[in-house]
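The structure appears below as structure tokens.
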Amino acid sequence: LKQGWFSEINDLWPGISVSLEVTKVLHHEKSPYQDILVIDTKAHGKTLVLDGIIQCTEHDEFSYQEMISFLPLCSHPDPKNVLIVGGGDGGVAREVVKHPGVHRVVQVEIDAAVLSVARTYLPFMAAGLDDPKLTVNVGDGFEFMKQHRGEFDIIITDSSDPVGPAECLFQESYFALMKAALKSDGIICSQAGTAWANLDHVTKTLNHCRTVYPVTAYGIAAVPTYPTGQIGFVLGSLDPETNFREPKKIFTDEELDNMKIRYYNDRIHRGAFILPRFVEKALAAP
Ligand code: AAT
């Protein structure tokens, strides 16, 4: 491999790899949970890497953070209380607090070291962690969920991939625990990987969601520095009237400009659920 490049080589996507030319290694440590690396890169700016997997880059993080936040938020008629699981960089918190209806946001991140690394090296995302609407807890999202009942309108699981500390966040039992933590018309949205490299994983995660929620969907977003350049989200709603394909809340272009939103709008929302035929077929309800 060429020197001075970071390559995301992982058994989760055998035979393919995203590579970034590194201009500087800013930080490297081993926390009790994972290997944490922050690099500066030529094309994508500051980049957070956990256990060798790219979590976010400065230049394209907005796509993921906006979509995992606004797909569920805009599918709900009145999202007041939001729980974020993972998301230690602060990017999802930064987006969720932009929604004018959101009063209170609770976050649970397993790794305190990710929070402090983000505060030091990724302030453009970590700014979200200091919002007055937000309370940050350090702990395991799976355990945290057991302690909460009927509390949240929205639960966003901004989790790393299903190896290491995030493995539990993809199990069927986790989808059931989230149901119990939601209000009766609550909505969940979880990072669920890409159909191009992990169609089986996407199908499995969506089927777990289907066993618990009457309405479900899989939506996609373009993120150039994630494997295959695309990421997906599994959404579930306890309200049988929910239609993820048609946003309940539509922000005007002026509102989106004021909110500094660069990827999401109502057209992107509808389009996120329009899937290629091979994905549609694989994800058809069993
Ligand atoms: N905001 C986009 C980046 C992420 S971050 C995923 C976060 O989930 C990390 O900070 C990690 O420490 C945290 N995490 C992992 N397991 C748990 C857990 N059990 N409970 C709480 N937090 C957890 C997502 C990147 C997606 C990458 C796609 N290839």
Side-chain angles (χ1 to χ4, degrees), residues 61-62 64-110 115 118-119 123-139 141 143-159 169 174-175 177-191 213 215 219 233 235-239 241-244 246-266 269:
E61 52 89 6
F62 64 94
Y64 175 85
Q65 327 269 25
E66 289 177 17
M67 290 295 274
I68 199 172
S69 304
F70 285 96
L71 289 177
L73 284 169
C74 291
S75 298
H76 193 288
D78 188 19
K80 289 198 192 69
N81 292 292
V82 180
L83 172 63
I84 301 167
V85 177
D89 50 65
V92 172
R94 180 194 69 201
E95 296 307 319
V96 168
V97 298
K98 288 177 180 175
H99 191 294
V102 170
H103 290 258
R104 169 178 164 259
V105 185
V106 178
Q107 181 168 349
V108 56
E109 160 62 49
I110 201 166
L115 297 165
R119 286 194 158 103
F124 50 93
M125 289 190 279
L129 300 172
D130 295 322
D131 191 277
K133 289 181 187 176
L134 182 80
T135 314
V136 185
N137 303 275
V138 175
E143 293 304 317
F144 186 89
M145 211 59 70
K146 296 180 185 164
Q147 319 300 322
H148 294 265
R149 288 285 173 277
E151 223 177 284
F152 303 104
D153 299 300
I154 308 275
I155 300 175
I156 297 170
T157 304
D158 175 19
S159 110
L169 305 180
Y174 178 69
F175 285 88
L177 281 176
M178 287 196 285
K179 175 182 178 175
L182 283 174
K183 292 186 199 272
S184 59
D185 62 348
I187 285 178
I188 59 134
C189 180
S190 285
Q191 193 270 98
Y213 301 85
V215 183
F233 312 101
L235 291 98
S237 176
L238 292 177
D239 177 359
E241 301 299 310
T242 300
N243 175 10
F244 286 117
E246 186 52 48
K248 279 231 163 59
K249 169 73 188 167
I250 295 179
F251 291 107
T252 64
D253 276 322
E254 198 192 344
E255 287 172 319
L256 293 169
D257 283 344
N258 292 336
M259 291 156 83
K260 295 194 169 65
I261 286 180
R262 293 191 283 163
Y263 190 95
Y264 178 89
N265 62 22
D266 61 300
H269 183 125

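Values reported hereafter were calculated over all heavy atoms of this structure, with side chains retained and with hydrogens, waters and symmetry mates removed. The residues of the chain are indexed from 1 along the displayed sequence.
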| request: Supply the atom-to-atom distance I188 CD1 to L235 CG, rounded to the nearest 0.5 angstrom. | output: 7.0 Å

| request: State, with a plain yes or no, whether a side-chain heavy atom of D78 is found less than 4.5 Å away from one of D153. | output: no

| task | Could you tell me whether the side chain of Y64 and the main chain of D158 form a donor-acceptor pair under 3.5 Å? | result | no

| task | Look at the rings of H99 and F70 and say which category their plane angle falls in: under 30° parallel, 30 to 60° tilted, over 60° perpendicular. | result | parallel

| task | Please examine the side chains of K179 and L238, heavy atoms only from C-beta on, and report whether any two atoms are closer than 4.5 Å. | result | yes

| Side-chain contact, heavy-atom cut-off 4.5 Å: V105 with D131? | no

| request: Working to the nearest 0.5 Å, report the span between NZ of K133 and CZ of R104. | output: 13.0 Å

| message | Parallel, tilted or perpendicular: which one describes the rings of F152 and H148, with boundaries at 30° and 60°? | response | tilted

| task | Would you check, one step at a time, whether the test side chain to side chain contact (heavy atoms under 4.5 Å, CB included) holds for L134 with V96? | result | CA-CA 10 Å; L134 182 80; V96 168; over 6 Å; no

| message | Within the structure provided, determine whether N81 and K183 are in side-chain contact (heavy-atom separation under 4.5 Å). | response | yes

| message | What's the separation between atom CZ in F124 and atom CD in E61, rounded to the nearest 0.5 Å? | response | 6.0 Å

| field | Which atom of I155 lies closest to which atom of A181, heavy atoms considered | value | CD1-CB, 4.0 Å

| field | For T242 against S237, the heavy-atom pair lying closest together | value | OG1-OG, 2.7 Å

| task | Look only at the side chain of E66 and the backbone of Y264, and say whether a donor-acceptor pair between them is shorter than 3.5 Å. | result | yes

| note | CD (Q65) and CD1 (I156) are apart, to the nearest 0.5 Å, by 10.5 Å

| said: On a heavy-atom basis, which atom in L169 and which in S159 lie closest, and how many Å separate them? | reply: CD1-CB, 3.5 Å

| Do F233 and P72 have side chains that get closer than 4.5 Å, going by heavy atoms? | no

| field | Side-chain donor-acceptor pair present, Y174, S190, cut-off under 3.5 Å | value | no

| note | Distance col, row K98:NZ vs L256:CG, nearest 0.5 angstrom, shows 9.5 Å

| task | Considering non-hydrogen atoms only, spot the tightest contact between V138 and I110 and give its length. | result | CG1-O, 3.7 Å

| CE of M259 to CZ of R262: how many Å apart, nearest 0.5 Å? | 14.5 Å

| said: Checking V215 against D239 for the side chain to side chain contact (heavy atoms under 4.5 Å, CB included) test, could you report, in this order, the C-alpha distance in whole Å, the side-chain angles of both residues, the deciding distance, and whether it holds? | reply: CA-CA 7 Å; V215 183; D239 177 359; over 6 Å; no

| request: Take E109 and I84, measure what side chain to side chain contact (heavy atoms under 4.5 Å, CB included) needs, and give me the verdict at the end. | output: CA-CA 8 Å; E109 160 62 49; I84 301 167; over 6 Å; no

| Would a distance-only check, ignoring hydrogens and angles, find a side-chain to backbone donor-acceptor pair under 3.5 Å from Q107 to A93? | no

| message | Measuring only between side-chain heavy atoms, which start at C-beta, is M178 closer than 4.5 Å to T157? | response | yes

| task | Using a 4.5 Å cut-off on heavy atoms from C-beta on, say whether the side chain of D130 contacts that of R119. | result | yes

| request: For I261 and F251, run side chain to side chain contact (heavy atoms under 4.5 Å, CB included): C-alpha distance rounded to whole Å, both residues' side-chain angles, the deciding distance at 0.1 Å, then the answer. | output: CA-CA 10 Å; I261 286 180; F251 291 107; 5.7 Å; no

| Going by heavy atoms in the side chains, are H269 and S75 under 4.5 Å from each other? | yes

| query | So, does D89 use its side chain to make a donor-acceptor pair with the main chain of G91 at under 3.5 Å? | reply | yes

